[in-house]
Chemist: 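Once you've had a glance at the structure underneath, I'll fire off some questions.
On a predicted model such as this, the values are computed, not experimentally measured, just so you know. Just so you know, residue 1 is the first one in the sequence shown, and it goes up from there.
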Amino acid sequence: MEITVSGRKTTVTDALRARVDEKIASALKVFDIDPMTADVVLRYEKNPANPQPAIVEVTVRARGSVIRVAEHGVDMYAAIDSAADKVTRQLRKFKTKVIDNRQQGASAAEVAPVEHVEDLADLLIPEEEDDLLVREKVIDITPMTEEQALIQTDLLGHDFYVFENATTGLINVVYHRKNGGYGIIKPKIETLDE
C-alpha cells in the first residue's frame, strides 16, 4: 500500500510524515486489498476566526473506487488523528457494501472508477457570479447499477452522483434528500407512434 504525503503552502516535516504513515497506514489495514493507494494533503486555512485551521485531506483509491475524507483540527496532529478515524469508518462501510454485493452476485471490481474532484468548493458558484459559467467539469460515465451509484455517492461524500444506468443505458442522477434518504432522477422517454 502506497501513501503519498504533500503539503499545500505548508512544509511537511519528518514528524508529520511519520504521524501520517502511522495513523493512515493503520486505518488502511481495515480493508487490506491490492491495489490501494492513499494521497494525503496537509494544509492550513488562513482565516484567524477559524478555531480549527489545520486541514487534512485523504483520498484513498481501492479497486477502482475513491474514498475521500477532509478533516479539520486545532493542530495538524489532531486533524491527522480525526482523518484516520474517519478513513477507518469509511473503509468499514465500503468493505460491508462490497461483501453485500458479493453475496448478491456482484464483485468489488464492478464498482466503477470515479474522477477525483480536488475540492467540492470548486463546484460551488459564488452568489455574485451566479449567472456566469465559471467551471466546466467533464466526467467519464460508466455503466453501473443504482446501488453501485449510491455506494459511490457515500464514499465520495457528494450530494449527488451522475451515472449511466446499466439496466436502461440512460443517464441517471442519485442525490441525498434534505429530509433524509436518497432520490433518483431519470429521463422521461417519449415514444413516437407511427
Side-chain angles (χ1 to χ4, degrees), residues 27-28 30-31 33-39 41 55 57-72 83 85-194:
L28 296 178
V30 168
F31 194 44
I33 60 170
D34 282 325
M36 182 185 287
T37 63
D39 296 323
V41 177
I55 302 170
E57 297 172 350
V58 181
T59 305
V60 179
R61 290 175 179 80
R63 289 195 180 169
S65 292
V66 177
I67 299 159
R68 185 169 184 283
V69 170
E71 284 295 309
H72 297 260
D85 291 343
K86 194 164 184 181
V87 166
T88 301
R89 288 192 305 274
Q90 289 291 75
L91 282 173
R92 283 190 181 132
K93 184 188 244 183
F94 178 62
K95 185 176 183 179
T96 302
K97 301 257 182 180
V98 168
I99 290 170
D100 288 348
N101 280 345
R102 281 190 185 153
Q103 290 173 349
Q104 295 173 0
S107 71
E110 292 176 1
V111 178
V114 176
E115 186 174 339
H116 175 66
V117 175
E118 285 297 321
D119 188 1
L120 290 178
D122 291 346
L123 299 176
L124 299 176
I125 299 172
E127 288 182 18
E128 64 272 5
E129 298 177 358
D130 63 355
D131 59 342
L132 298 174
L133 178 64
V134 294
R135 181 168 182 186
E136 180 177 312
K137 180 78 172 153
V138 178
I139 59 173
D140 291 327
I141 303 290
T142 306
M144 64 178 66
T145 64
E146 292 173 6
E147 179 64 28
Q148 290 170 331
L150 289 173
I151 291 170
Q152 287 299 314
T153 304
D154 284 342
L155 293 176
L156 290 171
H158 289 175
D159 291 333
F160 67 93
Y161 186 74
V162 179
F163 68 102
E164 178 184 338
N165 191 316
T167 307
T168 64
L170 299 172
I171 302 300
N172 293 177
V173 177
V174 293
Y175 62 94
H176 288 279
R177 294 177 47 88
K178 289 182 184 177
N179 59 351
Y182 293 94
I184 186 162
I185 300 172
K186 297 180 178 183
K188 179 180 178 182
I189 300 175
E190 296 181 21
T191 58
L192 298 175
D193 295 327
E194 295 183 36

Chemist: Do Asp159 and Tyr175 come close enough that some side-chain heavy atom pair is under 4.5 Å?
Modeler: no
Chemist: Within the 4.5 Å heavy-atom criterion, are Tyr161 and Ile139 side-chain neighbours or not?
Modeler: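 No - every pair of side-chain heavy atoms lies 4.5 Å or more apart.
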Chemist: Is any side-chain heavy atom of Ile67 closer than 4.5 Å to a side-chain heavy atom of Val87?
Modeler: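 They are not in contact (no side-chain heavy atoms under 4.5 Å apart), so the answer is no.
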Chemist: Which heavy atom of Val69 sits nearest a heavy atom of Gln90, and at what distance?
Modeler: CG2-CG, 4.1 Å
Chemist: If you measure from CZ on Arg68 to OG1 on Thr59, what distance do you get to the nearest 0.5 Å?
Modeler: 5.5 Å
Chemist: Please give me the minimum heavy-atom distance between Ala166 and Thr145, naming the atom from each residue.
Modeler: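 Answer, listing the atom of Ala166 first, then Thr145: CB-N, 4.3 Å.
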Chemist: Kindly write out the residues that satisfy side-chain contact (heavy atoms from CB on, under 4.5 Å) with Glu164, not counting sequence neighbours, or none if the list is empty.
Modeler: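 If we apply the side-chain contact (heavy atoms from CB on, under 4.5 Å) test to Glu164, skipping adjacent residues, the hits are Ile141, Pro143, Ile171.
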Chemist: Hey, could you give me the CE/CG distance between Met144 and Leu150, rounded to the nearest 0.5 Å?
Modeler: 10.5 Å
Chemist: Could you go step by step and tell me if His176 and Phe160 meet the ring pair (Phe, Tyr, Trp, His ring centres under 6.0 Å) rule?
Modeler: CA-CA 6 Å; His176 288 279; Phe160 67 93; over 10 Å; no
Chemist: Taking all non-hydrogen atoms of both residues into account, name the closest pair between Val173 and Phe163 and its distance.
Modeler: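 Here Val173 and Phe163 meet closest at N-CE2, 4.3 Å.
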Chemist: With rounding to the nearest 0.5 Å, note down the distance linking CD in Gln148 to CG in Asn165.
Modeler: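 Rounded to the nearest 0.5 Å, the CD-CG separation comes out at 10.5 Å.
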Chemist: Between Ala70 and Glu57, which heavy-atom pair has the shortest distance, and what is it?
Modeler: CB-CG, 4.1 Å
Chemist: Check whether any side-chain heavy atom of Asp39 lies under 4.5 Å from a side-chain heavy atom of Arg61, and answer yes or no.
Modeler: yes
Chemist: Quick check: closest heavy atoms across Val58 and Ala83, and the distance to 0.1 Å?
Modeler: CG2-CB, 4.1 Å
